[in-house]
Structure formats: C-alpha cells, structure tokens
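This is a predicted model, so every value here is computed, not measured.
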Amino acid sequence: MSGHNGLVLGLSFFVISGHREGWRLSETDNDREKLDYYRALARQSEDAHLHFMFLGDSLDGAARIDRGWTPSLDPQVLAAALAAETRSLGFIPSTSSLYQDPFTLARSLASLDHISEGRMGWNILTSFYQNTARNNYTTGRSFAYEDRYKISQDFLDTVNELWGAWDEGAVIRDRASGHYVDAAKIHPIAHDGPYFSVRGALNVSRTSQERPVFFVPVVSDGGKEFAARNADVVFTRQNNLEDAKSFYHSVKEQVRSVGRRAEDVLVTPGAIIVIGETEEAAWADFARLRPYIDSDEAIRDLEKTLGWEAGQVDRTATPASWPAVAADSGRARALLERARRDNLSIADLAVEASASRGFLLLVGTATSVADQLEAWYRQGGADGFVVGPIVAPDGVRDITEKLVPELQRRGVFREAASLGQTLRQSLGLPAVTR
C-alpha cells in the first residue's frame, strides 16, 4: 500500500473503450476525432479529482484494418489541447521509444510540460509489433525482444541528458543586458551511446517538474528490470490479488536492488469497470456486449496476440494442450496465465480478451467494485489503478460519480486536488535528482 497521498487513480482512454465493441452501445456522441468528446471526459475526470488521464496509443493499426478499426488522434497533440482545458489533471500520452529521434521527443514532451505547467507524463512504449515498422517507418526494421529494452534505455539516457542540460534559473530575460538566457547555465550534451548520438542543447528550458513522469508498462521480466531503473509509475496487467501482491513485491524488491527507494515507484494495474445499481444489473450490462462480438474475429485477434498461426489450436481445447506463446509481449503471457488459471478454452479466452484487453475486469455495484480496489490497495497489490469503462464515454460517469465517492467515503481516495501542483507532486513522487 502506498504511503503517499492515498490511492492513485487515473482514467484510461485507449483508442475506443475497454471493450472493442463498447462504442456501439454508447448513447452519447462518440466521434473520437472531435475535441468536445475528449474535453467532456477530461472535465469529468478533473471534477472527480482523478490524478491523470492516460492516453493509450498503437502505431500498428494500419496493418489490421477491419470493421472495428478506429481512427486515433496523436496522444501528444490531444494532451496539449486538453491541458489548456484543465487546471489540475495530469496527462500521460503514450509514444514509442524505438521509432523516433530522442531530440524530437525530448523537445515535444518538454514543450507539453511547460504548456501544462508540469502536469505531463510519458507512457514509454517499447513497440513490438512488426507492423509498426512496416507501416510507419521507412526502414521497415523491427527489433528483437532482447534488443528493445537496450535501445529504449539508450533513448531514455539521451532524453534525460537533454532535459538535464538546463540548470534552474537559466532563463533570465534581462532587458538591460539583452540576455534572454544565462549561457553559463546551459550545458550542451555529447551523448555517444550504442544506438543514439546527440550533440548540442535542447531548445526548451527546464520545466517545473524537470521531466515528465515516466510510466512504464510491465508484465515481462525484461520490462520489470527496465522499470526498476527508470519508472516513476509501473503500469501492469494483473488479474487476481495474489498474483498482484507477488508482482508488487517483486517490483519493489527490484527497485531496491538498483539503489532506489521502493516507495518512489508506484504500481498501478489497469482495470476495466462495469458498474450497475445491482450486481445483476451490472452483469446484464456486460452481457449486452456479447452478441456484438464476432467470435471468429475475436479468435483471430487472440491468435495474433499469442503469436500462433491461424487455426493452429482447436478453439475448444483447454490450455493443457496449447503450444507455448510465440509472441514477445507481456499481454500474451498474461492471457495465457489467465487461461491456465481458470482452464478457459480458446473461444472463452477470446471473448474475455476482447472485453478486458487482458486487464482486471470488475463487474458489480459501486460498493463491490470499491471493495476490490480497496483490498488490492490495502493488502499490497497496488498503489493505485488506471481505470476505464467497458462502454465509453457513458461509463466514465459511473466511475466519476458513483465509484469515486464510494472510495472517498472510505478514506482511501482524495477529496480534492491541489491547484498549482505538478503531476509528480500530485502523485506523491520525489523530485528528480541529477
């Protein structure tokens, strides 16, 4: 359990909603390319005193266009627009550390941090889909699993050097002397790493929180080691409390092993939420989505996630007879573990994966869902959660107007957000040290 400021809570908003077909049941305008759509979600989140809005992303979509494929706005552009509409809410745009230049990203994220007055984070993607390279980048090169974190580490080392090149007080704006900056407080870098070489100074000054808050998605051991060295917040897929407690403990121990304080890294599993007035009503709402799922399509998506050839496994077969996961992704391993634990067939797992995307699925009343979130928090399974509705945007109101007040009544979630705080301060994280 975190000793910071109570339970950390952020709204996750991926390309569509928690459920692939959830947009079809929404009674609200759900045009994902209108600012008004996101503005409403941001304002609801801020009014409920959530800590941040998590903006997920995927760069491989153009290779798998189907009936449910949805256009997706650039998370950094969206974060800039929403920062101007809010005063205390943080924003966590997702972007890859493999398919761009360190200087370009360092500049854009520092610009966002200035614009938002220190309310920006970065969800650090280590892209693994081959289609990301094929469809978006001229070299067409994808990266082996064992290389992804090495490249990402060099990328982070580079952007950290760029952000650290400006001392506090370097911008002086002295009209008398004509000096806008104190050149003695700017230190051009000379980074020569195994993958990136950068010389010069970033043309954006030091921000109020020095750099964005680093979110690192983790399921694999490689991701855990990378997170222990770099993360402020670990974003993970966990499906039951006992496994979550084991994962939480292992992350904290690994953080200590690299010389950091365990409390300086937060662990926040993702959770898909369905809330009803009664347990039966909540499950009935969840069941409304079942007829919209194309089982063949769901199985194809699952096979792609697991790295299997289409039709390689009998869809009625239980996990004991399945081949090993062939994909280098934490989500694949999490889904396989889920199937083994509950002895799910391919068909059953495909439906659940389509509904929850491999995250914790919580269906019930505001009270029963709060019971589970509180238990994970108090028993050492999480410092907080990145939550999302099964149907967006309608389900966001259930989270902000029903679930949040219940958590506040229990004293595990904050009653108000402090204006003027950086995201780092809001999350109870320490200042960046050089």
> Restricting to pairs with a member in residues 102-125, which pass salt bridge (Lys or Arg N to Asp or Glu O under 4.0 Å), not counting sequence neighbours?
Replying inline: none

> Residues in ring-ring contact (aromatic ring centres under 6.0 Å, His included) with Phe247, at least two apart?
Replying inline: none

>> Between Thr236 (side chain only) and Gln238 (backbone N and O only), is there a donor and an acceptor less than 3.5 Å apart?
In response: no

> Do we see a donor-acceptor contact under 3.5 Å between the side chains of Ser426 and Arg424?
Replying inline: no

>> I'd like to check the ring-ring contact (aromatic ring centres under 6.0 Å, His included) partners of Phe214; sequence neighbours left out, ordered by chain and number.
In response: Trp122

Sequence neighbours left out, cut at 3.5 Å: what donor-acceptor pairs do the side chains of residues 179-188 make with other protein atoms?
unit_1: Asp182; atom_1: OD1; unit_2: Ala184; atom_2: N; d: 3.0
unit_1: His187; atom_1: NE2; unit_2: Asp167; atom_2: OD1; d: 3.4
unit_1: His187; atom_1: NE2; unit_2: Asp167; atom_2: OD2; d: 2.8

> Listed by chain and number, what are the side-chain hydrogen bond (donor to acceptor under 3.5 Å, both in side chains) partners of Asp154, not counting sequence neighbours?
Replying inline: His191

>> Checking Ser152 now: which residues fulfil side-chain hydrogen bond (donor to acceptor under 3.5 Å, both in side chains) with it, not counting sequence neighbours?
In response: Ser97

> Under a 4.0 Å N-O cut-off, is there an ion pair linking Asp398 with Lys402?
Replying inline: yes

>> Please enumerate all residues that pass side-chain contact (heavy atoms from CB on, under 4.5 Å) together with Glu242, with sequence neighbours excluded.
In response: Asn240, Lys245

>> Listing request: all salt bridge (Lys or Arg N to Asp or Glu O under 4.0 Å) pairs with a residue in residues 78-90, at least two apart in sequence or in separate chains.
In response: Arg39-Glu85, Arg43-Glu85

> With under 30° as parallel and over 60° as perpendicular, where do the rings of Phe54 and Phe235 fit, or are they tilted in between?
Replying inline: tilted

> Hey, mind stepping through Leu266 and Leu427 against side-chain contact (heavy atoms from CB on, under 4.5 Å) and telling me if it holds?
Replying inline: CA-CA 9 Å; Leu266 306 180; Leu427 294 173; 4.2 Å; yes

> Who are the salt bridge (Lys or Arg N to Asp or Glu O under 4.0 Å) partners of Arg173, not counting sequence neighbours?
Replying inline: none

> Residues two or more places apart in sequence or in another chain: which of them pass ring-ring contact (aromatic ring centres under 6.0 Å, His included) with Phe196?
Replying inline: Phe155

>> With a 4.0 Å cut-off on N to O distance, would you call Asp157 and Arg229 a salt bridge?
In response: no

> With Ala228, which residues qualify under side-chain contact (heavy atoms from CB on, under 4.5 Å), at least two apart?
Replying inline: Gln254, Val255, Val258

>> Let me confirm one number: the OG-CD distance from Ser208 to Gln421, rounded to the nearest 0.5 Å.
In response: 11.5 Å

>> Tell me every residue that passes ring-ring contact (aromatic ring centres under 6.0 Å, His included) with Trp166, counting only those two or more places apart in sequence or in another chain.
In response: none

